[in-house]
Amino acid sequence: MKKSVILGALTVAGLAAGAASAATLDDVKARGQLNCGINTGLVGFAAPDANGEWSGFDVAYCRALAAAVLGDPSAIEFVSLTGKTRFTALASGEIDVLSRNTTWTLTRDVDLKFTFLGVNYYDGQGFMVPKDLGVTSAKELDGATVCIQTGTTTELNLADFFRVNNMSYEPVPIETNAEAQQQFLAGACDVYTTDASGLAATRATFETPGDYAILPEIISKEPLGPLARHGDDEWADIGRWVLNALIAAEEYGVTSANIDEMAAEPTDNPEINRLLGTEGNMGEMLGLSADWAVNAIKAGGNYGELFEKYIGENTPVGLARGLNAQYTDGGLMYSPPVR
C-alpha cells in the first residue's frame, strides 16, 4: 500500500490518554498493515518516485519491520509527517512506528513518552551556505538569516550555538525540507541548518550542488532512529530487534544475496543460526515466526547494503560510513548478542 498522508498539526499533550492500545502487534496483525511515519520528502532517506513509491534509508527500516511482522515488506501505509506533526501522529496511534530522522533526546524519551528503538544513523547538526557568500566557518555567520525547521532539535541547537558565540541571527521558520530548499535557493535565507546528512541529501537535489558548501562545524550530537510509544514493551522489543538484526547481519556477512543459502540449514556460527531461526526460539520469544529476521533482511538487505544503496558514497547523497561503520571498523554500529 503506497498511500501517503500529511497530518495537520495537533499538540502531543492531551493525546497520550487517547493513544492506541498497548497491543500494537495485535493491531498490526489484525489490520494486515503497518502504519509507518516518515519524512515529507528527503532524498536518500524517504522520498517518493514518479509512481508514488516511497524509498530510502528510513523507508527501508519500515519495510524490514513489515516483513518481520507480516511477512510482506509492502504491507505498509506510509504517513508523511513534518517536524511538528510527527509526535502527535505517534502519540495518537495514527502510526505504529516513526522512522523519520528523529533525534533521541531525554525529553522525547521521558516527557513525550516515546521509546527509541536504537540508532540507525549517528549525525550532528551542520550549516550549508552558497559558496558566493564567502563564508568558510559557522563562526562567521553573525547577523545571518537562517532557514530552520520548526519543532526540531536543530531549532534549539541553533539558538545555543549563536548565544555561546555571542552572535545574532534572524530565523526563517519552515516546516518541511522542500520548503527549506525553496526558500534557501530563492535567497530568503543565507544559511540552511539541519542534520549534516539532511544537508547532503538536500544539496544532492540542487541543479548546481557544487555552488553550495557545507561548513566544517558540527555543533551537536544527533543520534537518529525509529521510535514507538511508551507502554508497549512487546512492540518496542520487535522494532528494536529488527534494527539489531539488520546491523548484526552486516557484521556476520549475511546479505540479501546469500541469506537463502545461509538460512537453509544451520551454519557453524551459533549467532548466525539464532539470528536466522535455524537454532533456538527467538522468533517465538518476539511473538513472530522463526524466520522473522530472514524476512527483515531479505526486504532490502543488511544495514550496510541499505546504507550504500540509499545514502552511501556512490549515491548523490554521498555520505561516508564514518561513525556509522561497524564497531569492527572503528564505527559505533554494534548489535547486542542474539542469544
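Side chain to side chain, N39 and S80 fail the donor-acceptor criterion of an N or O pair below 3.5 Å. No hydrogens or angles considered: a donor-acceptor pair under 3.5 Å links the side chains of T145 and D190. Counting only N and O atoms by type, the side chains of T154 and Q149 include no donor and acceptor under 3.5 Å apart. Using a 3.5 Å distance cut-off with no hydrogens or angles, the side chains of S220 and E222 do pair a donor with an acceptor. Looking at E305 and S256, their side chains do bring a donor and an acceptor atom within 3.5 Å of each other.
Counted within 6.0 Å of CG on D329, heavy atoms from surrounding residues, nucleotides or ligands total more than 12; the atom is thus considered enclosed.
F184 and Y212 have tilted rings, their planes meeting at an angle from 30° to 60° on a 0 to 90° scale. A perpendicular orientation is assigned to the rings of F162 and F127, their planes being inclined by more than 60° (bins at 30° and 60°).
Looking at every heavy atom in both residues, N295 comes nearest to S289 through ND2-OG, 4.3 Å. Between T278 and A263, the closest heavy-atom pair is CG2-O, 3.4 Å. Nearest heavy atoms, D58 versus S99: O-OG, 2.9 Å. A60 and L306 get closest at one heavy-atom pair: CB-CD2, 3.7 Å. Across every non-hydrogen atom of T153 and Q125, the tightest pair is O-OE1, 4.3 Å. Counting all heavy atoms, side chain and backbone alike, N101 lies closest to D195 at O-OD2, 4.3 Å.
I247 and L275 end up in the same hydrophobic cluster when Ile, Leu, Val, Met, Phe, Trp and Tyr side chains are linked at under 4.5 Å. M128 and L224 are assigned to two separate hydrophobic clusters, defined by single-linkage of ILVMFWY side chains at heavy-atom distances under 4.5 Å. No chain of hydrophobic side-chain contacts below 4.5 Å, direct or via other Ile, Leu, Val, Met, Phe, Trp or Tyr residues, connects F206 to I311. A single hydrophobic cluster is not seen to contain both L106 and F87; linkage of ILVMFWY side chains at heavy-atom distances under 4.5 Å, directly or through other members, places them apart.
Here the rule is ring pair (Phe, Tyr, Trp, His ring centres under 6.0 Å) with Y334, and of Y303, Y122, Y327 only Y327 fits it. In summary, of the residues considered (I95, L90, I38), a side-chain contact (heavy atoms from CB on, under 4.5 Å) with L81 occurs for I95 alone. When each of T205, T176, T202 is tested with Q181 by the rule side-chain hydrogen bond (donor to acceptor under 3.5 Å, both in side chains), just one qualifies, namely T205.
With respect to E155 and K84, no salt bridge is recorded, no charged nitrogen being found less than 4.0 Å from a carboxylate O. Taking 4.0 Å as the cut-off between side-chain N and carboxylate O, E234 and K29 do not count as a salt-bridged pair. A salt bridge links R163 and D160; the closest N-O separation between the charged side-chain nitrogens and carboxylate oxygens is under 4.0 Å.
Both tests hold for R321 against F307: distance to the six-membered ring centre under 6.0 Å, angle to the ring axis within 45°.
Of the possible polar contacts, one joining the R274 side chain to the V338 backbone as a donor-acceptor pair under 3.5 Å is found. With D96 contributing its side chain and N35 its backbone, the two residues share a donor-acceptor pair below 3.5 Å. With hydrogens and angles disregarded, no donor-acceptor distance shorter than 3.5 Å links the side chain of T40 to the backbone of T82. Remark: side-chain polar atoms of S92 are paired, donor with acceptor, to backbone N or O of T88 under 3.5 angstrom.
Put simply, the side chain of L141 reaches to within 4.5 Å of the side chain of L215, judged on heavy atoms. Between K309 and T315 the shortest side-chain heavy-atom distance does not fall below 4.5 Å. In this structure the side chain of V97 reaches within 4.5 angstrom of the side chain of Y61, judged on heavy atoms.
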